[in-house]
Amino acid sequence: VGKQPAASVTAAPEETAEPTPTPEPTPLQFTTVDTSYFDDALFIGDSRTVGIAEYGSLKNATYFADVGLNVYVAQTKAIAVKNVGTVTLPQLLSQKTFGKVYIMLGINELGNDLDDITAKFSSLIDTVRAAQPDAIIFVEANLHVGPSRSSTDATFNNPRIDKLNEKLAALADGKTIFYIDINELFDDENGNLCRCQRRQHPCLRQVRPGLVRLAVHEGDRALNPKNRRRPAGNCFRLAFAVMDHIFRFFSLDAVARISA
């Protein structure tokens, strides 16, 4: 009797293991902090940052700021820095370690090409990142101007400021570079720097009660809460004191960053 052919055995298909999904990074959160958060902070800016340094309460932060500072000279101009001396920005970055760096520049450059301003701003960020690889970088929006200035000035007007801010916002990656815009706290319902005639105007409703003693911003003039004319500088001193409180509310939680 001939042998029967062996029955063919079909091998079971190998099971392909499902790839392990990459966990989503923990979203970075903004949170309220106290002034000690800014002890290792560097603020880079023009006259507005000078005002924060002189009239704000973040006294342990470092300020590389000068009236008229702009992105075209920010990396080469030597500026007097408290407790450091007169240094250029690269020198300062090489001498101290910062946990976070805030940059508010652009308003003095507004007459230049916006793409060129943005490119110079991006180069400034690259310089900061190379020298401070572990720092969180905050790109700050340029503040709006009042309605009378915006409607009559071909250069310093809010639509143009918004265009520049939009370009600067695109430099943020949401990981180590963040964009913060406090215009919503100072704008009126038309998107202009608000005219505040009471101690707490609705345009500042998001700021904690008791922090605001802000008078009026309107062109180059200012009104105090009693509606008397005073030099604008008195008003802006108060505004700068408010702004450093706002920075606390828009500060990135370092713990959230580490856990990401």
Side-chain angles (χ1 to χ4, degrees), residues 30-32 43 45-52 55-58 65 102-111 114 117-118 121 138-172 174 178-225 227 229-252:
F30 284 90
T31 186
T32 302
F43 288 86
D46 50 33
S47 57
R48 298 161 298 178
T49 304
V50 170
I52 295 173
Y55 304 113
S57 61
L58 306 180
Y102 295 80
I103 308 174
M104 183 190 285
L105 291 170
I107 197 71
N108 292 321
E109 305 89 313
L110 207 54
L114 299 186
I117 297 171
T118 305
F121 203 113
F138 293 91
V139 176
E140 302 172 47
N142 287 279
L143 293 172
H144 289 150
V145 297
S148 60
R149 180 69 178 270
S150 183
S151 62
T152 58
D153 197 312
T155 300
F156 297 96
N157 57 74
N158 292 330
R160 187 166 176 79
I161 291 173
D162 286 339
K163 288 179 180 178
L164 176 58
N165 284 343
E166 182 178 349
K167 292 178 180 295
L168 298 182
L171 299 177
F178 296 84
Y179 176 73
I180 53 177
D181 187 352
I182 61 173
N183 276 303
E184 63 185 51
L185 302 178
F186 287 94
D187 281 356
D188 62 17
E189 64 277 7
N190 297 314
N192 299 304
L193 192 63
C194 69
R195 182 183 177 95
C196 307
Q197 299 191 51
R198 296 186 296 277
R199 288 190 174 183
Q200 280 193 262
H201 189 276
C203 66
L204 295 173
R205 59 188 175 274
Q206 297 185 56
V207 184
R208 284 183 177 178
L211 293 181
V212 180
R213 293 294 180 268
L214 186 61
V216 173
H217 303 275
E218 179 63 17
D220 60 352
R221 302 292 293 177
L223 298 176
N224 72 359
N227 223 24
R229 285 285 179 182
R230 289 182 179 270
N234 289 341
C235 174
F236 281 99
R237 291 180 189 181
L238 297 170
F240 291 130
V242 172
M243 283 176 65
D244 75 14
H245 285 287
I246 293 172
F247 282 130
R248 298 180 203 177
F249 306 149
F250 282 90
S251 299
L252 191 65

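All figures in this text were calculated on a predicted structure; none of them were measured in a lab. For the numbers below, each heavy atom of this structure counts, side chains included, while hydrogens, waters and symmetry mates do not.
Here the CD atom belonging to Glu166 is positioned 10.0 Å from the OG1 atom belonging to Thr118, to the nearest 0.5 angstrom. Atom CG in Asn190 sits 11.5 Å away from atom OG in Ser151 (nearest 0.5 Å).
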Decide side-chain contact (heavy atoms from CB on, under 4.5 Å) for Val145 and Leu193; before the verdict, give the C-alpha distance in whole Å, the side-chain angles of both, and the deciding distance to 0.1 Å.
CA-CA 5 Å; Val145 297; Leu193 192 63; 5.6 Å; no
side-chain contact (heavy atoms from CB on, under 4.5 Å) evaluation trace for Ile103 with Phe121
CA-CA 9 Å; Ile103 308 174; Phe121 203 113; 3.4 Å; yes
Worked check of side-chain contact (heavy atoms from CB on, under 4.5 Å) between Arg48 and Phe43
CA-CA 11 Å; Arg48 298 161 298 178; Phe43 288 86; over 6 Å; no
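When every heavy atom of Leu168 is checked against every heavy atom of Asn142, the shortest pair comes out as CD1-ND2, 3.7 Å. In terms of heavy-atom proximity, Asn192 sits nearest to Pro147 at ND2-CB, 3.6 Å. Shortest non-hydrogen contact noted between Leu143 and Ile107 is O-CD1, 4.4 Å.
Between Tyr102 and Ile180, some side-chain heavy-atom pair lies under the 4.5 Å cut-off.
Annotation: salt bridge (charged side-chain N to carboxylate O under 4.0 Å, His left out) contacts of Asp162 (sequence neighbours excluded): none. Scanning for side chain to side chain contact (heavy atoms under 4.5 Å, CB included) contacts around Asn157 gives Ser150, Pro159, Arg160, with sequence neighbours left out. In terms of the side chain to side chain contact (heavy atoms under 4.5 Å, CB included) criterion, residue partners of Ala169 (sequence neighbours excluded) are, by chain and number, Tyr179.
Ring planes of Phe178 and Phe138: tilted class, angle from 30 to 60°.
In this structure a side-chain-to-backbone donor-acceptor pair under 3.5 Å is missing from Asn183 to Ala141.
Asn165 and Asp181 are not linked by any side-chain donor-acceptor pair at a separation below 3.5 angstrom, with hydrogens and angles left out of the test.
Of the residues listed (Asp188, Asp187, Asn158), the one engaging His144 in a side chain to side chain donor-acceptor pair (under 3.5 Å) is Asp187, and it is the only one.
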